[in-house]
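Nothing fancy with the numbering, it's 1 onward along the sequence. As the structure lists them, so they are numbered: ligands from 1, and atoms in each ligand from 1. Nothing here was measured: the structure is a model prediction, and the numbers come from that model.
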Amino acid sequence: MSPTLSRRRFLKISAATIVAGAAAGRVSSAIAASTAPTGLRRVPTFCDLCFWKCNAIATVRDGRLWKIEGNSNDPLSRGRLCPRGTGGIGASSDPDRLRSPLIRTRERGAEEWKEVTWDEALDYVATRMKKIAVEHGPESMALFAHGIGGTFVKHTLKAYGTPNIAAPSFAQCRGPRDVGFNLTFGEEVGSPERTDIANTDCLVLIGSHLGENMHNTQVQEFAEAVGRGATVIVVDPRFSVAASKAKHYLPIRPGTDLALLLAWMHVIVTEKLYDAGYVAKYGYGFEPFAASLATFTPEWAHPETGIDPETIRATAREMARHRPATLVHPGRHVNWNGDDAQRSRAIALLNALLGSWGRKGGFYAPASMDVPPYAYPPYPKPARPKLDNPDKKYPFATESITTGIRDATLTGQPYPIKGWMVYATNLINALPKQADTIRAIQQLDLLVVVDVIPSEIAGWADVVLPESTYLERHDELNVELFKEPFVALRQPVIDSPHDQKPNWWIAKILAEKLGLGAFYPWHDIEEYLETRLKGANLSLAELKRAGVVRGPRQPIYFDEGVPAEFPTPSGKIEFYSPQLAAAGFDPVPRYTAPEAGPPGAFRLLYGRAPMHSFSRTQSNRLLSDLMDENAVWLNAVAARRLGLKTGDYVQLRNQDGAVSHRVRVKATERIHPDCVYLVHGFGHTARGLRHTFGRGANDAQLITRYKTDPLMGGTATNVNFVTLEPAEAT
Ligand SMILES: Nc1nc2c(c(=O)[nH]1)N[C@H]1C(S)=C(S)[C@@H](COP(=O)(O)OP(=O)(O)OC[C@H]3O[C@@H](n4cnc5c(=O)[nH]c(N)nc54)[C@H](O)[C@@H]3O)O[C@H]1N2
Ligand SMILES: Nc1nc2c(c(=O)[nH]1)N[C@H]1C(S)=C(S)[C@@H](COP(=O)(O)OP(=O)(O)OC[C@H]3O[C@@H](n4cnc5c(=O)[nH]c(N)nc54)[C@H](O)[C@@H]3O)O[C@H]1N2
Ligand code: SF4
Ligand SMILES: [Mo]
């Protein structure tokens with residue numbers, strides 16, 4: 001059998017010859033060094049500083065981690081890591097790391113612990129999980145897990161019998177986008193996104209702040225697109241790094257993007273600038289959709305968005321001029337205002353008018369290698385269904401809703417949740433309304449946190465399990481669904497410095513202590529990986545050496561023979577959505593103006609800085625050297641009015657009285673006067689994070705309200721408002 005490629009749903013398997021030979025050839029010079037007597041070792045692995053999973057080569061000199069670089073055979077990193085990836089070695093050497101398992105000695109949240117052995121810690125967890133299963137049923141234990149490292153913990157919890165497993169990447173991030181695209185094309189954009197930035201002639205970024213959002217391949221392709229003269233249109237209330245590269249920058253009033261999208265589509269439809277052949281062939285319900293746009297003129301959108309009608313017309317025409325190689329980027333973190341799935345659907349529809357789905361320079365059709373899953377025994381069927389979305393209240397949710405599990409924990413309905421296992425997600429900073437998270441935690445019989453540092457969520461745990469960092473462990477294989485399919489290996493580069501353990505070991509030993517050893521027929525992780533790889537006719541030895549094995553490039557556009565299939569109910573691109581109509585929602589997107597805040601208050605917006613990931617990297621000394629606190633962006637005119645200047649310290653107070661740590665002002669013309677902006681991840685409150693504790697302001701503390709997306713349960717968080725108060729400089 002030769003390794004095969006599969007394209008989810010719609011590409012026939014084609015005989016494939018693997019390009020591992022080339023891979024091995026190219027990486028061999030790197031790997032040759034691994035046997036050198038100088039003490040220099042080079043070990044391929046993949047990055048974990050974010051979810052892009054770039055392939056990398058780490059160098060160890062005299063037993064110490066020295067550097068980490070991109071693997072030149074990697075289609076994702078293309079040989080270059082982003083600043084976070086390069087600084088990843090600081091995760092291993094972080095002096096604030098968790099060192100051994102801990103059991104709480106005082107009340108929850110007091111952050112006082114005793115060190116215990118792994119045996120004691122996992123016995124403690126297993127005993128309490130068994131008690132929960134007996135007294136309430138295994139469904140009463142929930143798992144929150146984010147990232148590929150959660151694979152084995154999920155496996156253990158499914159074997160234990162719970163269906164309640166969720167990650168913040170759905171309701172707090174890309175869920176509305178995936179739902180909006182699914183309703184329109186029958187497919188999601190995925191991660192890595194299927195955006196063909198490499199070939200686009202016109203890139204439209206609506207809030208996606210590439211360049212600050214450092215998802216590697218996209219940023220590299222964006223830079224290249226700018227270099228070759230592609231038109232860039234950026235819509236953002238903040239003059240982002242991306243905006244500085246734009247031909248057209250539209251400083252939109254926050255929360256009004258759907259009005260702009262409707263006006264753009266109005267222009268494209270009324271001026272007949274759309275791809276009529278594509279729409280006729282693949283579209284469903286175009287007429288009622290087109291009719292619904294009649295009143296959404298640029299003049300109508302102007303007072304809403306603050307964008308003048310001529311700019312709306314000029315940008316719509318420019319997009320149409322470059323079609324189908326125009327890419328209106330779907331964004332990623334899109335839970336902004338509560339109408340987010342509908343706004344994302346409008347983005348999907350605009351792309352549909354431009355004919356960019358399935359086309360070069362638009363959205364390509366990704367493929368992955370076919371690496372069969374490990375043949376485990378079947379999981380027990382939970383006695384009760386998952387409870388995050390009871391009675392399908394959010395009918396179009398495609399994944400579990402973290403905040404739904406939290407709500408059930410608070411109310412005990414539809415059934416009680418008594419335990420949380422938390423793997424690699426800082427729920428205190430990732431979920432809106434911290435107070436609800438903390439109240440829910442107080443109702444639990446058991447909170448277990450697996451983390452690498454003493455994070456905020458670890459601070460509330462009964463048991464803290466210290467994990468080896470990604471540079472010290474194996475993980476599940478990365479079988480990527482991408483432009484070029486590949487399989488990648490994460491493997492230990494160095495040993496863990498203290499008593500930390502990898503997730504697969506923790507999950508396996510816990511399963512054994514729960515009497516679920518039958519779900520771990522493999523002896524160690526290498527045996528597991530070898531078995532999976534054999535199923536694809538690949539070898540672990542090869543992957544250990546090369547890090548990545550690539551499949552040959554497949555057709556990725558309709559023009560190259562990819563069948564134009566749209567797995568919606570109509571089998572077509574749904575301009576008008578009968579599914580939405582049947583569920584009582586707008587079948588074509590409609591705009592509602594965002595609610596205004598209290599007088600004198602600024603809408604709180606937040607985003608990314610190139611050198612940090614979420615709330616996970618601020619204690620990494622290499623990355624904190626590059627940025628060790630955030631600043632609050634404030635419009636320069638508003639700053640003058642308030643008597644504030646750049647560098648002044650302020651506290652932010654929100655509409656409900658929540659107050660931030662002190663933070664410096666960045667007074668700038670580069671932000672709309674209606675809003676202020678913070679980089680997420682600063683303002684840590686966990687005392688064990690000695691280096692970063694209290695530095696900067698924490699957006700999560702100020703997000704005491706959210707609006708729920710009625711289609712899919714996303715928690716929209718750009719609905720909080722703050723005022724600024726002077727704070728002491730020391
Ligand atoms: N360096 C770094 N890169 C990352 C991450 C990281 O932690 N660090 N995280 C990754 C992940 S998981 C995600 S989801 C992405 C998130 O990154 P993206 O999906 O690119 O963006 P968002 O976080 O939604 O949006 C932030 C931008 O939207 C603008 N914005 C806010 N409100 C509005 C509005 O009403 N209208 C418009 N048009 N714009 C608005 C803000 O000014 C800001 O520029 O980043 C990814 N990349
Ligand atoms: N206020 C606010 N909320 C947000 C966002 C925001 O910008 N602002 N962004 C939203 C988005 S887009 C997303 S995707 C989510 C992200 O949500 P999360 O993924 O929860 O983000 P982090 O805050 O980075 O939390 C990651 C946790 O994992 C730990 N960790 C890091 N490496 C490892 C490891 O190797 N093993 C283990 N076991 N643990 C590890 C970190 O120390 C940290 O405690 O948050 C969402 N929520
Ligand atoms: S984008 Fe940066 S942080 Fe994310 S995986 Fe790639 S190198 Fe690592
Ligand atoms: Mo995200």
Side-chain angles (χ1 to χ4, degrees), residues 48-52 82-84 91 98 144-147 149-150 153 167-174 177 191 205-216 218-219 234-243 250-257 260 329-337 343 422-432 434 449-458 465-470 472-473 475 502-503 506 594 603 605-617 619 633 671-672 675 677-681 686 689 698-703 715 717-718:
D48 196 43
L49 272 276
C50 84
F51 307 114
W52 207 252
C82 85
R84 300 168 296 159
L98 294 165
F144 299 91
H146 201 180
V153 182
S169 44
F170 183 70
Q172 282 73 46
C173 176
R174 58 176 168 69
R177 170 195 84 179
S191 171
L205 298 174
I206 304 173
S208 322
H209 54 330
L210 292 182
E212 290 157 297
N213 158 356
M214 281 308 288
H215 276 168
N216 194 346
Q218 298 199 54
V219 176
V234 172
V235 183
D236 197 313
R238 187 181 61 96
F239 190 79
S240 58
V241 169
L250 281 56
I252 195 162
R253 199 157 70 79
T256 65
D257 298 79
L260 174 68
H329 196 288
R332 183 173 177 115
H333 168 262
V334 293
N335 54 318
W336 293 349
N337 306 300
R343 186 185 67 250
V422 179
Y423 178 88
T425 169
N426 193 356
L427 295 179
I428 303 289
N429 285 338
L431 303 188
Q434 285 185 345
V449 173
V450 188
D451 208 311
V452 288
I453 50 174
S455 61
E456 282 73 16
I457 187 68
L465 303 176
E467 191 176 10
S468 310
T469 66
Y470 73 104
E472 303 150 8
R473 68 177 196 237
D475 259 308
N503 59 67
I506 298 170
R603 190 180 292 272
L605 304 182
Y606 55 88
R608 309 286 178 236
M611 61 296 272
H612 283 287
S613 284
F614 312 106
S615 76
R616 70 177 58 188
T617 51
S619 74
W633 292 47
I671 188 159
H672 194 286
C675 48
Y677 177 85
L678 286 174
V679 168
H680 171 62
L689 299 175
N698 184 338
D699 57 339
Q701 279 184 319
L702 299 165
I703 297 178
T715 57
T717 37
N718 290 9

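Contact annotation for N503 and ligand 2: no heavy atom of the residue comes within less than 4.0 Å of the ligand. For I457, no heavy-atom contact with ligand 2 is shorter than 4.0 Å. Contacts with ligand 1 closer than 4.0 Å are made by backbone heavy atoms (N, CA, C, O) of P610 only, the side chain lying farther away. Contacts between R608 and ligand 1 below 4.0 angstrom, taking non-hydrogen atoms only, involve the side chain exclusively. At a 4.0 Å heavy-atom cut-off, ligand 1 touches N718 through the side chain alone. Within the 4.0 Å heavy-atom criterion, the part of I252 lying near ligand 1 is the side chain and not the backbone. Within the 4.0 Å heavy-atom criterion, the part of H146 lying near ligand 2 is the side chain and not the backbone. The proximity of A609 to ligand 1, defined as any non-hydrogen pair under 4.0 Å, is limited to the backbone. Contacts between N213 and ligand 1, counted as non-hydrogen atom pairs separated by less than 4.0 Å, involve both the backbone and the side chain. When heavy-atom distances to ligand 1 are checked against a 4.0 Å cut-off, H680 has no atom that comes that close, whether in backbone or side chain. Here E472 has no heavy atoms under 4.0 Å from ligand 2, in either its backbone or its side chain. Counting heavy atoms closer than 4.0 Å to ligand 1, residue Y606 contributes backbone atoms (N, CA, C, O) but none from C-beta onward. Residue R84 touches ligand 1 through its side chain alone, judged by heavy-atom distances below 4.0 Å.
Ionic pairing of R473 and D48 is present here: one or more N-O contacts between side-chain nitrogen and carboxylate oxygen are shorter than 4.0 angstrom.
By the 3.5 Å distance cut-off applied to N or O atoms, T256 is not counted among the residues near ligand 1.
Closest to atom 20 (O) of ligand 2 by heavy atom, among T425, I506, N335, is T425. Counting heavy atoms only, H333 comes closest to atom 19 (O) of ligand 1 of the residues H672, H333, E212. In this structure, of D257, L605, V679, L210, the residue bringing a heavy atom nearest to atom 38 (N) of ligand 1 is D257. In this comparison of S240, G211, G207, the heavy atom closest to atom 25 (O) of ligand 1 sits on G207.
Under a 4.0 Å criterion applied to the non-hydrogen atoms of S455, ligand 2 contributes the atoms 44 (O). Using a 4.0 Å cut-off to heavy atoms of A700, the atoms of ligand 2 that qualify are 1 (N).
Between Y677 and W633, the ring planes are perpendicular. Angles over 60° get that label, and only those under 30° would be called parallel.
Heavy atoms of R253 come nearer than 4.0 angstrom to ligand 1 in no pair at all.
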_side-chain hydrogen bond (donor to acceptor under 3.5 Å, both in side chains) between N503 and Y423, worked out_ = CA-CA 9 Å; N503 59 67; Y423 178 88; 3.3 Å; yes
